[in-house]
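Take a look at the structure set out below.
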Amino acid sequence: MPPSFKLPLMRYAFLEEQSTRKALAEFILTAPRLSMDEQCRRFEEAFSQHQGRTYSVFVNSGASANLILLQALKNLGRLKTGDKIGFSALTWSTNTMPIEQLGFVPVPVDCNPATMNVHSAQLEDRLRQAPDMKAFFATNVLGFTGDLNNIRQLCEQRGIIFLEDNCESMGSELPEGKAGNFGLAATFSFFVAHHMSTIEGGMVCTDDPELAEMLLIVRANGWDRNLPAHRQQALRQAHGISSEFKSRYTFYHPAYNVRPTEITAYLGLLQLQHVASTYLRRQENFQRVEKWVRSNPDFIPFDYSHMKLLSAFSLSFLCRSEELRDAYVQRFIQNGIEVRPLIAGNMGAQPYYKKYIGTEYPLPGADTLDRCGFYCGNFPTMTEEDFQLIASSLQPIS
Ligand SMILES: Cc1ncc(COP(=O)(O)O)c(C=O)c1O
């Protein structure tokens with residue numbers, strides 16, 4: 001049995017837990033259909049509006065969102081087998097794994113420990129060693145971001161496709177726009193403990209109609225069933241499919257089945273009603289704890305001075321040494337606070353990465369974050385008691 005914490009990484013599955021669970025039970029009892037249908041379409045439209053993007057494609061997880069995005073770009077010929085794809089060294093496994101699984105070459109880009117993120121300076125550095133990089137799939141880490149506008153410009157100048165894994169930074173903003181709106185496309189996760197949850201779920205957003213159409217094909221079996229009628233006709237004509245009988249079982253492109261359900265879409269629509277008000281609360285929580293961090297010489301505070309809104313995923317900490325990090329981790333756990341590494345530390349140091357990819361790019365920034373960082377939960381329903389527990393755990397050690 002895992003220990004039960006007074007302050008877990010996440011206390012509830014949903015924003016407005018009780019009313020959401022009740023509404024969900026009623027929905028399941030009365031919905032005419034539970035597989036992908038009207039609720040999914042409505043959630044996609046609502047999400048596009050919320051994020052300020054033209055197209056949203058809902059899937060069953062953030063991992064699937066990353067997978068279909070890269071597969072769609074490959075199907076369109078915008079990325080080819082053997083192309084180098086940069087990624088943020090501090091990220092999640094399923095950001096990096098599909099790069100290798102789809103036959104691309106992953107190139108880790110180091111993170112700036114001050115923000116946990118890749119900035120244009122780190123990308124420029126890596127481009128000196130990998131000048132033929134074809135795409136950069138940035139992770140916006142734990143609510144923080146790099147200088148996304150400069151990264152976008154750099155990618156434009158160099159003809160690099162810029163993609164954002166925004167699974168951890170929904171709601172964060174820079175003066176130039178929302179995190180997730182800087183690249184050609186961005187992915188989101190709605191797994192429990194993210195900014196909003198559909199239990200499991202993910203989204204890909206883009207303004208590119210050709211990419212949006214290919215995402216619909218890749219999401220479900222490689223067929224055309226989810227395209228508008230005029231696009232189905234065009235595809236059928238191009239491939240000489242004249243029989244309606246056959247057309248429903250015709251597969252045009254390599255694909256998966258990563259469809260969402262009406263249940264997850266219904267949850268998404270409910271959660272979206274509450275999520276905007278929680279972005280600010282997440283920032284307020286972070287800033288409250290940051291005051292204690294700034295007055296403790298054991299810590300190096302994070303920098304988000306380039307951001308307009310920090311929709312902090314977690315309460316993240318960076319210690320001045322690995323020994324201090326280990327001591328604080330021990331103290332947090334003893335005090336009943338659940339903690340974990342910053343995402344999963346340096347991806348380049350993961351066993352899977354060393355075994356299957358094993359490149360030799362130096363990653364000192366990600367390494368520092370791996371050795372000296374940790375985080376505890378941040379959620380809108382945190383109580384005074386939770387904050388007191390954190391305050392007492394942040395008393396100086398050294
Ligand atoms: C940066 C990042 N990308 C992708 C994912 C995958 O999302 P999911 O758990 O919904 O598959 C996560 C999950 O936490 C993540 O942190």
Side-chain angles (χ1 to χ4, degrees), residues 8-10 13-14 43 47 56-71 85-102 106 108-109 111 115-118 135-146 148 163-172 179-180 182-183 185-205 219 256-261 263-265 267-268 271 275 282 311-314 316 338 340-348 350 352-353 366 369-370 373-379:
L9 290 172
M10 182 48 112
F14 306 115
F43 179 42
F47 196 84
S56 296
V57 177
F58 186 31
V59 290
N60 60 3
S61 72
S64 301
N66 287 345
L67 180 65
I68 67 163
L69 174 56
L70 292 176
Q71 181 75 60
I85 302 190
F87 69 94
S88 307
L90 196 71
T91 188
W92 189 246
S93 56
T94 51
N95 169 279
T96 312
M97 286 175 176
I99 298 177
E100 189 263 334
Q101 287 156 339
L102 290 173
V109 184
C111 301
T115 65
M116 295 186 275
N117 275 266
V118 173
F136 174 48
F137 199 175
T139 294
N140 297 326
V141 175
L142 297 173
F144 290 69
T145 72
L148 294 176
L163 309 168
E164 291 172 82
D165 180 331
N166 204 43
C167 288
E168 297 176 0
S169 296
M170 186 174 173
S172 283
F182 286 82
T187 58
F188 295 81
S189 165
F190 309 128
F191 179 59
V192 175
H194 285 244
H195 291 76
M196 57 172 256
S197 133
T198 59
I199 309 174
E200 296 274 7
M203 193 74 86
V204 189
C205 293
R219 173 175 65 180
Y256 308 92
N257 173 17
V258 292
R259 281 175 297 199
T261 68
I263 298 172
T264 52
L267 286 170
Q271 298 296 283
V275 74
R282 283 175 173 276
S311 178
F313 185 97
S314 52
S316 305
E338 190 175 7
R340 54 169 285 179
L342 296 174
I343 317 189
N346 177 1
M347 189 55 64
Q350 289 282 349
Y352 117 84
Y353 196 87
L369 292 159
D370 190 331
F374 69 101
Y375 81 65
C376 71
N378 177 18
F379 39 89

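Heavy atoms only: backbone and side chains are in, while hydrogens, waters and symmetry mates are out. Counting starts at 1 for both ligands and their atoms, following the listed order. As the structure is a prediction and not an experimental result, all values here were calculated from the model.
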Could you list each nitrogen or oxygen of ligand 1 that sits under 3.5 Å from a protein nitrogen or oxygen, with the atom names and the distance?
residue: ligand 1; atom: 3 (N); partner: Asp165; partner atom: OD1; Å: 3.2
residue: ligand 1; atom: 3 (N); partner: Asp165; partner atom: OD2; Å: 2.7
residue: ligand 1; atom: 7 (O); partner: Ser189; partner atom: OG; Å: 3.4
residue: ligand 1; atom: 10 (O); partner: Gly62; partner atom: N; Å: 2.8
residue: ligand 1; atom: 10 (O); partner: Ser189; partner atom: OG; Å: 2.7
residue: ligand 1; atom: 11 (O); partner: Gly62; partner atom: N; Å: 3.3
residue: ligand 1; atom: 11 (O); partner: Ala63; partner atom: N; Å: 2.9
residue: ligand 1; atom: 14 (O); partner: His194; partner atom: NE2; Å: 3.1
residue: ligand 1; atom: 16 (O); partner: Glu168; partner atom: OE2; Å: 2.5

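- Nearest heavy atoms, Ser197 versus Ile199: OG-N, 3.1 Å.
- Classification of the Phe190-Phe58 ring pair by plane angle, with boundaries at 30° and 60°, yields tilted.
- Between Ser169 and Gly143, the shortest heavy-atom contact is OG-N, 2.9 Å.
- Between His194 and Phe191, the angle of the ring planes goes over 60°, which puts this pair in the perpendicular group of the 30/60° scheme.
- Residues Thr187 and Asn66 have side chains that bring a donor and an acceptor to within less than 3.5 angstrom of each other.
- Put simply, the side chain of Glu168 reaches to within 4.5 Å of the side chain of Val141, judged on heavy atoms.
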